[in-house]
Each structure stands twice: as structure tokens, then as C-alpha cells.
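Worth knowing before you read on, the calculation uses all heavy atoms, side chains too, and leaves out hydrogens, waters and symmetry mates. Since the structure is predicted, the reported quantities are computational estimates derived from the model, not experimental observations. We name chains A, B, ... by the order of the sequence lines, and we start the count at 1 in each one.
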Amino acid sequence: MIRLAKISHTLTRIYLDQWDLSGMLNAGGLTVKPETPVVTCLSDVGPRRVQGNYDHDANVGGFFDALDGTLGLTNIDAALNALKDDGSIAHYLTQVPALGAGLVAYDQLVVCAGEPRKWGTGQAIMLDASFVGSNGVARGNVLRTATITGTGDGAGVEQVATTAGQIYAVVFRVLSGTFDTFGLKIQDSDDDAATDAYADVTGLTATFADDDTPAVARVTTALATKLWKRVVVSAFTGTSAVILVTAGVIAGT
Amino acid sequence: MSKIAARNLDVTVNSVALEGFIDSYDLNIKPETPVVTTFADAGPRRVQGNYDWDQQFGGSADFASGQSDASIFALVAAGLVAQTIEPTGSAAGADTPTYTGSALLSNYGLKWGIGQGAKYSASMVGGSALTRNVA
């Protein structure tokens, strides 16, 4: 497992729902803003505050691209344009500072708040998008990024053990591939199977069929989960599929 | 020690030393100064009330376990956390003051762009008295 500290942009990846926008973006970021209401009283010296809920947002920027994507909306202009009047459905925005199994991933549920397009002399046409949070944000990990060709177990990733009530969210993505159907599921273990064998986590599964590519599925559980998680491919039929699975605990749960 | 270089700064938040991944740090202390000017006054009149304080800092984001990203994101729902600011990098003394207090995370942002390292910025607002220590 690679542990990255300070990083450059070369491995940064940004995904919006089932679309990998990394090849069209040159900037990204997110902000988390806890509520900090003032509760200072007359007799206090200095301020007094309490911490409440939080808000979050994200901004991405890149280059306008209207190459005909038709099915799958593979160009950024079509992808973002589809968001402007979709009834405020919450979308899955994942930003990965450096793509690699076990590395940090931010998963947000967001609503598109704006997508200006800009053009000027001497410049490429730019396309930016801003998103505002709707539901929580999770600072988690990339559980698996791989091209799969059959059933099998992925490597374990050490995360955090959750208690009952904390919401553990998993985002399954299939980015491309030639396949009939396959399933993904999450298993957990106390110690990466050193003494505690991996077992399925109830409810953390997804199934993809051949006409779903690219596709995304998000599942959550409020059951307690163990420290180590891994992604297991089940019932694979086909040639191959490129998958990305990210997961983490929703902040504040 | 009088005037000093900024590199001497040590900042500890929630028992985590942050100076290894801060490249800018601002501490702001803002006394209340309500206006009490009346008709007969020439020029303003003010009184001093309580005060507020906040801080902003940022630097290169470090995603390794226990470093900046993990430490600061953990403050999103952590409530008040203790912090110590040592402008000279030394413990409190007559010529090496330190500032201590408790604060809340009010903003945490991450940014990445072509040609740059991943950067973070954070803001924290005071939730207690801020004490300047000289011993």
C-alpha cells in the first residue's frame, strides 16, 4: 500500500456520478463548513461558541468539451448541462487527491449550483461547475481501483471501525468494460484476516449489467463495521470491467 | 529574542503539531468597541467590551495517516479543541510568549490544480478566553 503525504496533481481524479471528468478538468476542491454559533454571555471573558451541523460544497474547473457523447454523456458539457434542471437530485461527487488503493477519497452528495461557460480571445473555452452539499460528506478511502476479469477478493484496506448508528457509505463505479453482469460486495475483518476471517457486510452490494456502463451505485449501512474492508467481485461474466470503489464514514454520524 | 522569522512559529491543535504543514498563519483578536457617541460629543466615543478571536492557516495538504488532512477533518464534529500558539517556537517565558485557548473549526477547504501541490486552508473561531502566557 502506498502512503502519500504531500502530493502534486498528477494522480488527482474527479468523478461526477458515473463519469470520470479527470481528463477535462484542471482544478478541483471542496470546503467543509461547520456551524459555530456564538453563545457568549455577559459574564464571559472571550468568546463562547458551540459546534452544530455542517455544510459543504465543491468547485471544479476545466475545459469546455462538446464532442458528441450521446449515450453515456462522455463530454463534460453534456454531463453538466444535464444537471441544471434534473429536479435537484443529489449527485455523487468523488474527488481523489491521488488515485490508489487505500488512499484518501472524498465522497460528497451534491446539487449543482452553477456551471458557467467562459470564452475570450486567446483562451480555450472554459467550463466551471460549483456544487453545494445535500446530505453528508465522507472522508474515506479508495477501496479498490482495478480492471477486473473475474470473481475474486480485493486487498484489504485499513479504515476505521464504525459503531452502530454511524453511516458508512460506499460508492461503486464501473467506468468502462465489456461484460454481461457482475456483482460487487464489501466484506470486513478486525485484522485483515490474520485471526478474523472476512465476512459480508449486510447491504453493501451492487450489481451491474452490460448496458449500464458507465454506472454508479451508492449504498450505506448504519450497522457496526470492522476496521478492515475489502471489495469482492462475485458472479462475473464477460471480458473485463474497470471499477472504482470508494467508501467512508459520513462526517457527523 | 525580539523580531523573529516566521519559521519559528509552532502551532498545536488538538495535540497535533501543525507547523510541519503550515505555510501561513493568522491570529486575529478583535475587542468589541461599541460606539457610545452622543450629540454633544466632538469626535467619537467608544467603550471596550468583550473580545473575539479567530485564526486562519493553510499550507500543503498532507494525506498520510495522522497528518494535516486527517487531523483537521477530524475537527469537523469534534467540538472545542485546545490549542497552543508559540510564535517563537519556545515555551512560555518573558521574551517568548505563547497563546492558549480553545477553538472550533469553522471552515476547511482543499484545492488542487494543474502545476500545483494539493493545498488546504482552515479557519478556527474562538470558544474560550485567549490567554497570553509569559511563564
Side-chain angles (χ1 to χ4, degrees), chain A residues 3-14 25-62 95-98 102-106 136-139 141 158 248 250-253, chain B residues 20-21 23 29-32 49-54 59-81 99-132:
Chain A
R3 296 286 187 189
L4 293 183
K6 299 170 187 175
I7 60 170
S8 70
H9 68 278
T10 54
L11 297 176
T12 299
R13 298 291 183 267
I14 299 175
L25 299 177
N26 65 352
L30 65 133
T31 304
V32 182
K33 295 171 285 188
E35 297 171 350
T36 55
V38 174
V39 294
T40 312
C41 295
L42 294 173
S43 61
D44 291 325
V45 175
R48 298 293 182 272
R49 288 184 169 89
V50 293
Q51 194 170 59
N53 199 356
Y54 65 89
D55 198 355
H56 60 100
D57 58 48
N59 292 277
V60 300
Q95 301 198 58
V96 180
L103 300 184
V104 172
Y106 281 90
V137 57
R139 178 187 181 272
N141 303 94
E158 184 178 6
I250 299 294
T253 66
Chain B
F21 24 78
D23 62 21
I29 302 168
K30 297 169 287 186
E32 295 170 351
N50 199 356
Y51 65 91
D52 199 352
W53 61 279
D54 60 61
S60 297
D62 190 326
F63 295 97
S65 175
Q67 301 305 312
S68 68
D69 184 62
S71 300
I72 298 172
F73 191 85
L75 303 181
V76 168
L80 283 172
V81 294
Y99 292 88
T100 54
S102 297
L104 295 170
L105 180 73
S106 61
N107 196 88
Y108 176 54
L110 290 166
K111 297 177 71 173
W112 29 81
I114 298 297
Q116 307 167 24
K119 304 285 286 184
Y120 82 94
S121 62
S123 300
M124 299 189 72
V125 290
S128 75
L130 181 68
T131 303
R132 183 178 185 274

Side chain to side chain contact (heavy atoms under 4.5 Å, CB included) evaluation trace for Phe73(B) with Val32(A): CA-CA 9 Å; Phe73(B) 191 85; Val32(A) 182; 4.1 Å; yes
Verdict with reasoning, Arg139(A) to Ile72(B), per side chain to side chain contact (heavy atoms under 4.5 Å, CB included): CA-CA 11 Å; Arg139(A) 178 187 181 272; Ile72(B) 298 172; over 6 Å; no
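Contacts of Leu42(A) with chain B are absent, with no heavy-atom separation under 4.5 Å from either backbone or side chain. Using a 4.5 Å cut-off between heavy atoms, Val104(A) touches chain B through its side chain atoms alone. In this structure, chain A has heavy atoms under 4.5 Å from both the backbone and the side chain of Leu110(B). Residue Ile29(B) does not touch chain A at all, counting heavy-atom pairs closer than 4.5 Å. Using a 4.5 Å cut-off between heavy atoms, Val38(A) does not touch chain B at all. Proximity to chain A is absent for every atom of Ala74(B), based on heavy atoms less than 4.5 angstrom apart. For Asn53(A), no part lies under 4.5 angstrom from a heavy atom of chain B.
Gly252(A) approaches Ala77(B) most closely through the heavy-atom pair CA-CB, 4.1 Å. Taking every heavy atom of both residues into account, Gly126(B) and Pro47(A) meet most closely at O-CG, 3.4 Å.
Rounded to the nearest 0.5 angstrom, Asp44(A) CG and Tyr51(B) OH are separated by 10.0 Å. Taken from OG in Ser128(B) to CZ in Arg48(A), the straight-line distance is 6.0 Å, to the nearest 0.5 Å.
Across Val125(B), Leu104(B), Val81(B), Val76(B), a single residue satisfies side-chain contact (heavy atoms from CB on, under 4.5 Å) together with Gln51(A), and that is Leu104(B).
Using a 30° and 60° split on the angle between ring planes, Trp112(B) and Tyr106(A) fall in the tilted class, from 30° to 60°.
For Lys111(B), the NZ atom sits in a loose shell: 12 or fewer heavy atoms of surrounding residues, nucleotides or ligands are nearer than 6.0 Å.
Applying the side-chain hydrogen bond (donor to acceptor under 3.5 Å, both in side chains) test to Asn107(B) and every residue at least two apart in sequence or in another chain returns nothing.
For the set Ala70(B), Ser102(B), Gly59(B), the count of heavy-atom pairs under 4.5 angstrom toward chain A peaks at Ala70(B).
In this structure, Leu30(A) and Tyr108(B) have side chains that are not in contact, with every pair of non-hydrogen atoms separated by 4.5 Å or more.
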